[in-house]
Structures are given as structure tokens and as C-alpha cells.
Amino acid sequence: MHAVQLGGSHYAQYLGMSAGVAALIISCQPLLTAAVASRFLNERLAPGQWAGVLIGLAGVTLVVWHKIDMREVTAGSLAGTLVALAGVTSATLYQKVFSPRSDLKAAAVIQFAASLAVLAPLALAVEGFKFTWAWEMAAAIAFLVIFASILGVMVLYWLLRHGGAARVTSMMYLPPVFAVALELALFGVAPGWLTVLGMAVACGGVAMTVWSPRWRSSTS
């Protein structure tokens with residue numbers, strides 16, 4: 001999940017893909033997960049659940065619309081984001097099927113060790129492991145490691161223990177919404193009306209996927 005998803009998406013942006021396009025492709029994870037789970041994991045999704053998944057994706061599209069720039073999309077950057085999408089989807093499904101009760105702390109250590117083994121040689125070979133110290137960079141890394149890579153993934157795996165894969169991964173539509181809220185709180189950047197509409201649509205889609213009374217997961 002860490003090495004393939006983050007490595008693929010960040011490398012795509014390194015090649016010039018806009019953050020909006022990368023976010024939109026990665027946000028297809030709930031849709032892809034729902035398709036795989038309904039076909040191979042016997043998770044029964046009601047029509048309202050499918051509608052929620054599609055509506056959530058439409059909401060994310062509106063949120064990142066102002067950051068979408070197709071002019072810089074190349075075959076290499078597109079391949080990077082597709083690899084990232086496949087990585088995060090397969091990792092989520094693997095955890096759900098083969099390791100639902102694993103110790104979360106041990107899983108975090110293993111994931112970081114695997115990421116180090118994959119990305120450290122690449123960083124050395126491609127970039128020469130160039131490192132320029134800055135407090136802002138250290139704070140950003142600490143935030144990403146603690147909240148996104150450790151706490152965020154632990155919460156994801158904990159939720160997978162108590163619900164179906166499609167229902168849980170639909171919450172992956174929410175990070176762009178929180179990003180807009182944080183941008184407003186930290187930097188005073190007010191979202192436009194299209195972004196606000198997208199936030200509402202994305203939240204509505206997640207609500208339809210998570211709370212539909214007709215939906216019953218075979219794992220719940």
C-alpha cells in the first residue's frame with residue numbers, strides 16, 4: 001500500500017501530472033473495490049449503494065475540478081497513477097481477506113520496512129538521496145507519517161474488521177473534503193461554489209454507501 005500507492009502517485013506528479021488528475025484517478029478506489037468485492041467476496045450491494053459510490057466519485061471530481069489539467073498527462077504519469085490505484089485496492093482487499101485480525105502495530109512496522117526496502121534503493125539510484133533540511137519539511141513528514149501512514153491506515157484496517165470492503169473504502173472520498181477544510185483553516189483559502197457543491201455531493205455519496213438500511217454485507 002505505502003510503496004506502490006504513494007510511490008506511484010508521487011512519481012506521476014514528478015513527471016508532470018497535476019494533483020487534481022492524480023487525486024481523481026486514485027479516488028476511483030471505492031468504485032474498483034466495490035466491483036471486485038461484489039464479484040469475488042460475495043458482498044451484496046443494493047442499488048442505493050452503487051449510486052452512493054458513483055455519486056461520491058462525482059463529488060470528488062467537482063472538488064478537484066479546478067486542479068485538473070489534462071495537458072501534462074503522459075503515458076508514464078498515467079501508468080504511475082494506475083499502478084498506485086491497483087496497489088491501494090489490492091492491498092485493502094488482501095488485508096480484508098487474508099489478514100483481517102492481524103496486530104495493527106506489527107502490520108505498520110512490516111509496511112514501513114517493506115516500503116523502505118523498495119523506495120530507499122530507488123531514491124538513491126534516481127535522486128542520489130538528496131536531502132535538504134527544513135523545519136517545514138520535517139513537520140510535513142511527521143504529519144504524513146503519524147496521521148496518514150500510521151493512524152489513518154490503522155483506522156482503515158480496524159474498520160475493515162467490522163464492515164464490508166466497499167462500505168469502508170467509500171470513506172476514501174472524504175480526504176479531499178478534509179483537505180479543503182484544512183486549507184481554509186490553515187491558509188485562509190476559501191473554496192469556490194463548485195468545490196463546496198462537490199464536498200456536499202461527496203459526503204452524500206459516502207452516506208448513501210455507508211448507511212443504506214437495505215444493504216447487508218456477508219461479512220457484517
Side-chain angles (χ1 to χ4, degrees), residues 1-36 49-92 119 126-127 136-137 140-141 143-144 147-149 152-153 156 165-166 168-210:
M1 176 178 289
H2 287 82
V4 177
Q5 181 214 348
L6 297 178
S9 61
H10 290 334
Y11 188 66
Q13 294 179 63
Y14 170 79
L15 293 177
M17 176 177 283
S18 67
V21 176
L24 183 58
I25 294 176
I26 301 300
S27 293
C28 291
Q29 183 208 355
L31 178 60
L32 182 58
T33 300
V36 175
Q49 293 327 109
W50 283 111
V53 172
L54 295 174
I55 290 173
L57 181 59
V60 172
T61 303
L62 294 177
V63 171
V64 302
W65 184 259
H66 65 290
K67 296 183 179 180
I68 294 178
D69 186 355
M70 302 298 297
R71 294 172 296 178
E72 299 298 331
V73 176
T74 63
S77 62
L78 181 60
T81 50
L82 292 177
V83 167
L85 174 61
V88 67
T89 304
S90 59
T92 301
L119 296 179
V126 176
E127 300 176 338
E136 294 83 358
M137 181 187 65
I141 292 176
F143 179 86
L144 291 173
F147 290 97
S149 295
V153 173
L156 172 64
V168 171
T169 55
S170 69
M171 299 180 188
M172 298 301 291
Y173 290 142
L174 296 179
V177 175
F178 288 121
V180 173
L182 286 174
E183 192 174 36
L184 174 61
L186 297 177
F187 305 107
V189 178
W193 68 268
L194 187 63
T195 301
V196 174
L197 175 62
M199 295 168 67
V201 172
C203 291
V206 172
M208 291 175 63
T209 308
V210 173

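Heads up: numbering here begins at 1 and tracks the sequence.
- Looking only at distances, a side-chain donor or acceptor of Q49 sits under 3.5 Å from a matching main-chain atom of M208.
- With rounding to the nearest 0.5 Å, the separation of OG in S77 from CG in L82 is 9.5 Å.
- In terms of heavy-atom proximity, A190 sits nearest to L184 at CA-CD1, 3.9 Å.
- The closest donor-acceptor contact from the side chain of Y173 to the backbone of V53 lies under 3.5 Å.
- Counting only heavy atoms from C-beta outward, the side chains of V63 and T195 approach each other to under 4.5 Å.
- Note that the CE atom of M199 and the CZ atom of F178 stand 9.0 Å from one another [nearest 0.5 Å].
- Between H66 and L194, the closest side-chain pair of non-hydrogen atoms is not below 4.5 Å.
- Residues V21 and V73 meet the side-chain proximity criterion, which asks for heavy atoms closer than 4.5 Å.
- For the pair S170/V210, a side-chain contact is recorded, criterion being any heavy-atom separation below 4.5 Å from C-beta on.
- Taking every heavy atom of both residues into account, C203 and V177 meet most closely at SG-CG1, 4.2 Å.
- Among all heavy-atom pairs drawn from A58 and V201, the shortest one is C-CG1, 4.5 Å.
- By the 4.5 Å heavy-atom criterion applied to side chains, W65 and L24 are not counted as neighbours.
- The minimum heavy-atom distance between M172 and P30, with the atom names listed, is CB-CG, 4.2 Å.
- Residue pairs meeting the salt bridge (charged side-chain N to carboxylate O under 4.0 Å, His left out) criterion with at least one member in residues 50-69, sequence neighbours excluded: D69-R71.
- Residues that satisfy the side-chain hydrogen bond (donor to acceptor under 3.5 Å, both in side chains) test with T92, not counting sequence neighbours, are Q29.
- With rounding to the nearest 0.5 angstrom, the OG1 atom of T89 is 8.5 Å from the CD atom of Q5.
- Counting heavy atoms from C-beta outward, M1 and L156 have side chains that approach closer than 4.5 Å.
- Remark: T61 OG1 to I68 CD1 distance equals 6.0 Å, nearest 0.5 Å.
- Residues L6 and S149 approach most closely at CD1-OG, 4.5 Å, considering heavy atoms.
- W193 is not listed as a side-chain neighbour of V196, based on a closest heavy-atom distance of 4.5 Å or more.
- With hydrogens and angles ignored, the 3.5 Å screen pairs a side-chain donor or acceptor of T209 with a backbone N or O of G205.
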Evaluation steps, side chain to side chain contact (heavy atoms under 4.5 Å, CB included), between V153 and H2: CA-CA 10 Å; V153 173; H2 287 82; 4.0 Å; yes
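- Annotation for I26 and A84: closest pair CD1-CB, 3.5 Å, computed over non-hydrogen atoms.
- L78 is listed as a side-chain neighbour of I25, based on a closest heavy-atom distance under 4.5 Å.
- Here CG of L57 is found 5.0 Å from SG of C28. Values are rounded to the nearest 0.5 Å.
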